[in-house]
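Labels below follow one simple rule: chain letters A, B, ... track the order of the sequence lines, proteins then strands, and each chain is numbered from 1.
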Protein chains: 2
Amino acid sequence: MPKDRSPTRIQKRNRANILEAALEVFSQNGFRGATVDQVATAAGLSKPNLLYYFPSKEAIFTALLSELLDTWLDPLREIDPTGDPMEEILAYVQRKLQMSQDMPRESRLFANEIVQGAPRMIDTLSTDLRALVDDTETVFLGWMDAGRIARVHPRHLLFSIWSLTQHYADFEVQVRTLMTPEDPFDGAAVFLETLYRRMLAPQS
Amino acid sequence: MPKDRSPTRIQKRNRANILEAALEVFSQNGFRGATVDQVATAAGLSKPNLLYYFPSKEAIFTALLSELLDTWLDPLREIDPTGDPMEEILAYVQRKLQMSQDMPRESRLFANEIVQGAPRMIDTLSTDLRALVDDTETVFLGWMDAGRIARVHPRHLLFSIWSLTQHYADFEVQVRTLMTPEDPFDGAAVFLETLYRRMLAPQS
DNA sequence: CCGACATTTGACCAACTGGTCAAACTCACG
DNA sequence: CGTGAGTTTGACCAGTTGGTCAAATGTCGG
């Protein structure tokens with residue numbers, strides 16, 4: 001394992017290559033389904049060489065998870081409590097959908113982990129994510145109290161956005177199989193905008 | 001492997017035990033994450049004994065998948081094209097939600113498989129499921145043409161139902177972590193009814 | 001209670017996998 | 001250049017895993 005001085009040129013390059021390779025391999029096969037050798041090969045390294053940079057398979061995986069989680073939650077943090085409620089939510093939906101399209105591997109990595117009980121994420125979920133969700137709930141409730149969007153259960157609203165947008169990445173094989181030759185993402189953008197406009201339109 | 005005469009009492013019992021055990025184990029750990037020994041133990045058998053009933057791990061898994069797929073798609077087949085459109089769709093949503101609550105292992109089994117590219121289901125998806133989805137699309141389009149529900153993309157409508165309902169099973173850990181002490185399924189039933197009522201209400 | 005067939009098991013194997021280690025090699029820098 | 005730290009590798013190991021097999025045991029109709 002490299003000393004923890006300032007990383008050399010080679011260290012930076014290899015660490016980046018490894019994490020990119022790990023994303024590719026882990027998102028396709030899950031943690032147990034992937035082998036260290038696969039990651040090493042995908043990163044252009046030998047197995048012992050890979051293990052010179054990370055002490056274990058587990059370490060690669062957790063490093064990957066924690067590096068990606070921030071990026072993954074960015075769209076949520078971008079919601080502006082002072083903006084127009086409907087437009088803020090619609091914009092959030094589109095950002096999430098765009099992420100599913102551009103970063104399907106990241107989406108599947110998390111999906112894989114959570115479906116299997118999120119053994120390595122449960123702590124983060126119940127602290128950091130929980131706090132972020134609490135904040136968002138407050139914002140949503142404020143908007144509903146002001147009558148600017150319809151009153152629905154704020155957490156289920158948030159879950160519905162995650163569910164609907166990530167579905168197009170996580171279940172891409174199924175979606176594509178059942179939609180060919182049409183492109184799923186084009187229709188999804190329109191569909192989701194309609195859905196949330198109608199559900200959240202202030203009730204007269 | 002037992003001869004393919006009519007199965008004996010013991011064969012029936014053991015096959016059933018094995019498939020139940022396989023559902024438990026595979027849905028928790030995925031195909032590669034599960035071991036034959038785990039399945040055998042969960043079924044109350046020794047490993048060689050298990051392999052007397054199924055020729056391989058792969059065979060157990062595919063047997064399980066094909067046995068469950070029918071059950072899994074039953075709620076879709078129950079949609080009555082001659083019924084009231086809004087009520088039919090709402091009832092379908094509630095059936096699917098109920099299945100997520102009662103059969104989360106089945107949901108996760110499929111989720112696991114599809115997230116990883118559905119290598120063992122792609123054929124079924126592109127033939128049987130495709131046909132069923134085509135039929136459903138026709139029914140939805142008929143209802144929309146008659147002006148009885150709002151016009152939206154019928155396939156995305158179907159995907160949205162799958163996505164929203166199965167989310168509560170597949171991502172249960174996350175949902176529960178972020179909702180405790182509230183029970184997710186109670187709120188979900190209300191939320192989803194509201195959502196689809198508003199989205200599908202005929203536009204004046 | 002016998003014989004044939006069904007079921008179960010312990011011992012075993014080969015392939016795979018995560019990880020180690022000492023030796024070899026490469027690179028930056030004086 | 002040369003030297004010491006950083007990097008890479010081949011050989012190796014122990015544990016796990018899917019699967020086999022012959023022998024032992026159980027079951028059931030006659």
Side-chain angles (χ1 to χ4, degrees), chain A residues 1-65 112-113 116 119-120, chain B residues 1-65 112-113 116 119-120:
Chain A
M1 193 163 32
K3 313 269 179 181
D4 47 0
R5 317 272 169 109
S6 64
T8 68
R9 180 177 52 91
I10 296 180
Q11 272 172 41
K12 252 183 282 191
R13 173 172 50 85
N14 280 348
R15 260 191 79 99
N17 284 352
I18 291 170
L19 288 176
E20 158 62 27
L23 172 59
E24 182 71 23
V25 172
F26 283 132
S27 69
Q28 250 173 59
N29 307 103
F31 179 74
R32 277 217 59 182
T35 73
V36 177
D37 236 339
Q38 285 174 347
V39 178
T41 302
L45 300 174
S46 66
K47 185 172 57 160
N49 197 4
L50 194 171
L51 291 169
Y52 170 71
Y53 291 98
F54 289 89
S56 70
K57 182 184 178 184
E58 185 88 27
I60 306 172
F61 192 73
T62 53
L64 186 61
L65 280 185
N112 243 311
E113 183 66 3
Q116 302 199 0
R120 301 168 192 82
Chain B
M1 192 164 31
K3 313 268 180 180
D4 46 358
R5 316 272 169 110
S6 64
T8 70
R9 180 178 51 91
I10 296 179
Q11 271 171 42
K12 252 182 281 190
R13 172 174 49 85
N14 280 347
R15 260 192 78 99
N17 284 352
I18 291 170
L19 288 175
E20 159 63 26
L23 172 58
E24 183 71 23
V25 172
F26 283 132
S27 69
Q28 249 173 60
N29 307 104
F31 179 74
R32 277 217 60 182
T35 74
V36 177
D37 237 338
Q38 285 175 346
V39 178
T41 302
L45 300 174
S46 66
K47 186 171 58 159
N49 198 3
L50 195 171
L51 291 169
Y52 169 71
Y53 291 98
F54 288 90
S56 70
K57 181 185 178 183
E58 184 88 25
I60 306 172
F61 192 74
T62 54
L64 185 61
L65 280 184
N112 241 311
E113 184 65 4
Q116 303 198 1
R120 301 168 192 82

Nearest atoms (heavy-atom pairs only) where Asn29(A) meets Gln116(B): O-NE2, 3.6 Å
Approximate separation, where rounding is to 0.5 Å, of Phe61(A) CZ and Leu23(A) CG: 10.5 Å
N or O in side chain of Gln11(A) less than 4.0 angstrom from dT7(D) OP1/OP2: yes
Shortest non-hydrogen contact from Glu113(B) toward Pro119(B): OE2-CD, 3.5 Å
Spacing between Arg13(A) atom CZ and dT7(D) atom P, to the nearest angstrom: 10 Å
Gap between atoms NZ and P, on Lys57(A) and dG19(C) respectively (whole Å): 8 Å
Value in whole Å for how far the P atom of dT17(C) lies from CZ of Phe26(A): 13 Å
Sugar-phosphate, base or nothing in reach of Ala40(B), heavy atoms under 4.0 Å: nothing
N/O (side chain, Ser46(A)) to phosphate O (OP1/OP2, dT9(D)) under 4.0 Å: yes
Between P of dT16(D) and CD of Gln38(B), the distance in whole Å: 12 Å
Note, Asn17(B) side chain near Leu45(B) side chain (heavy atom, < 4.5 Å): no
Pairwise distance CD(Gln11(A)) to OH(Tyr52(A)) - rounded to 0.5 angstrom: 6.0 Å
Presence of Asn49(B) side-chain N/O under 4.0 Å of dG10(C) phosphate oxygens OP1/OP2: no
Length of the line joining Asn14(A):CG and dT9(D):C1', which is rounded to integer Å: 14 Å
Arg32(A) CZ to dG18(C) C1', straight-line distance once rounded to whole Å: 11 Å
Under 3.5 Å donor-acceptor pair, Lys47(B) side-chain atoms to dG19(D) base atoms: yes
Leu45(B) CG - dT9(C) P separation (whole Å): 8 Å
Distance, rounded to the nearest Å, where Leu51(B) contributes CG and dA11(C) contributes P: 18 Å
Distance below 4.0 Å between Tyr52(B) side-chain N/O and dT8(C) OP1 or OP2: no
Phosphate-side-chain proximity, Arg9(B) and dC28(D), N/O vs OP1/OP2 below 4.0 Å: yes
